[in-house]
S.K.: 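What follows is a structure written as structure tokens; I'll ask about it next.
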Amino acid sequence: MKNAHLRFGWLTYVKTTEKAVTNIRLRLDRFIGEVLPDPPRQARAHFLSVVGGDTQISAISAAISMGDRFMVEGPGVPPVRVCLERNAQCYKGPLQPAGRNKPLRHLIGISEEFAGGGSSSATDRTLLADSGALFVWAALAEIHGIPGIPEWAEWFLRKIEKHKAIVPVLGVGCNPVLVKGDKEQFLSWLSDGLWGGDIHFPDETGPIHWPSFDLQQVLLPVAD
Amino acid sequence: MLNGVFGESENRHIAHWRSVKFTDHWEEQEEDGTKVLHDRERFSHELTLVFANGDTQILTHEKKDSP
């Protein structure tokens, strides 16, 4: 695993008023954002996690509430202007790194869409925090109520890749993806797979045991 | 809720239940011309089935339209 200063990105917030200019720059350990086609170099943030001092974290929390924009950059993410947009949620807490007397403050900001499960039936899109085959398949099956078994995960990921229904989005410390499609579409692909013999039913009758995913598993730093 | 693999031969299927919010919307016209918009939200069950032969079915409390 890389050292934190190589894994983390930066979040910069500049607020200009008549009397003063406030410039805050914080370490960003996780970020999920979606690049907007227009205007260029702007993104819609869905998740951000930053650490810093009391004042800095309070300022960022207030800025999120007001719908202000930030600059975000990190490993593999060029500088981009982002906003969590309206009704974003904030969670704050202390962090006590070893060897420091004073605790750091930690802030997580989540967009309304991501806080609501990352899925929007109106736009037929699902935002997921990880791109692993089993995670994507299990999440889509749970969100849309699709019958299936964990063993179909690799096949399903290939299917959505083939139909260009999965696109990577901006991520720091994770590999988020956006999946396009609705329940009817996913069921239709399953139907094709079963009809064509690409996927098969299990021999045993009974309940299906899906693996459980916790946040630590999904957001754990990627090994080198 | 019984999620899992059930049935035999052509009836072999995987079932997945979930709770879904349904919204009924209707409008009423008052005598004075006022239009009253009603929205009633309720939760109900949805059962999705995938059969071994590739057929799929989504069952809810709502009656299906006859073909």
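Please read all numbers here as calculations on a predicted model, not as lab measurements. Numbered from 1 within each chain, the chains take letters A, B, ... in sequence-line order.
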S.K.: Give the minimum heavy-atom separation between A/E184 and B/I58, together with the two atoms involved.
M.R.: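 Nearest pair, atom of A/E184 first, then B/I58: OE2-CD1, 3.7 Å.
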S.K.: Name the atoms and distances for all side-chain donor-acceptor pairs under 3.5 Å in residues 192-213 of chain A, with sequence neighbours left out.
M.R.:
| unit_1 | atom_1 | unit_2 | atom_2 | d |
| --- | --- | --- | --- | --- |
| A/H200 | NE2 | A/G197 | O | 3.0 |
| A/T205 | OG1 | B/R12 | NH1 | 2.9 |

S.K.: Can you tell me how far apart NE2 (A/H144) and CZ (B/R18) are? Round to the nearest 0.5 Å.
M.R.: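 Between A/H144 NE2 and B/R18 CZ, I get 8.0 Å after rounding to 0.5 Å.
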S.K.: What part of B/L47 gets within 4.5 angstrom of chain A, counting heavy atoms only: side chain, backbone, both, or neither?
M.R.: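 It is neither, since no heavy atom gets under 4.5 Å.
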S.K.: Using non-hydrogen atoms and a 4.5 Å limit, figure out which bit of B/E8 sits close to chain A: side chain, backbone, both or neither.
M.R.: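 Neither part, no heavy atoms under 4.5 Å.
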S.K.: Could you check whether atom CD of A/E161 has more than 12 heavy atoms from other residues, nucleotides or ligands sitting under 6.0 Å from it?
M.R.: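 Above 12, so yes.
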S.K.: Do you know which two heavy atoms are closest between B/T48 and A/K183, and how far apart they sit?
M.R.: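 In terms of heavy atoms, the two residues are closest at OG1-NZ, 2.6 Å.
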S.K.: Quick check: closest heavy atoms across A/I146 and B/H16, and the distance to 0.1 Å?
M.R.: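 Heavy atoms of A/I146 and B/H16 come nearest at O-CD2, 3.8 Å.
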S.K.: With rounding to the nearest 0.5 angstrom, report the CD1 to CG distance, B/I14 to A/L190.
M.R.: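 Between B/I14 CD1 and A/L190 CG, I get 8.5 Å after rounding to 0.5 Å.
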S.K.: Can you name the nearest heavy-atom pair linking B/T56 to A/S191, along with the distance?
M.R.: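 Heavy atoms of B/T56 and A/S191 come nearest at CG2-CB, 4.3 Å.
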S.K.: Would you say B/R42 has more than 12 foreign heavy atoms packed within less than 6.0 Å of its CZ?
M.R.: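 Yes.
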S.K.: At under 4.5 Å between heavy atoms, what parts of residues 60-76 of chain A are in contact with chain B? List them by residue number.
M.R.: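 Residues of residues 60-76 of chain A touching chain B at under 4.5 Å: none.
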S.K.: What part of A/L187 gets closer than 4.5 Å to chain B, counting heavy atoms only: side chain, backbone, both or neither?
M.R.: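 Both backbone and side chain of A/L187 come within 4.5 Å of chain B.
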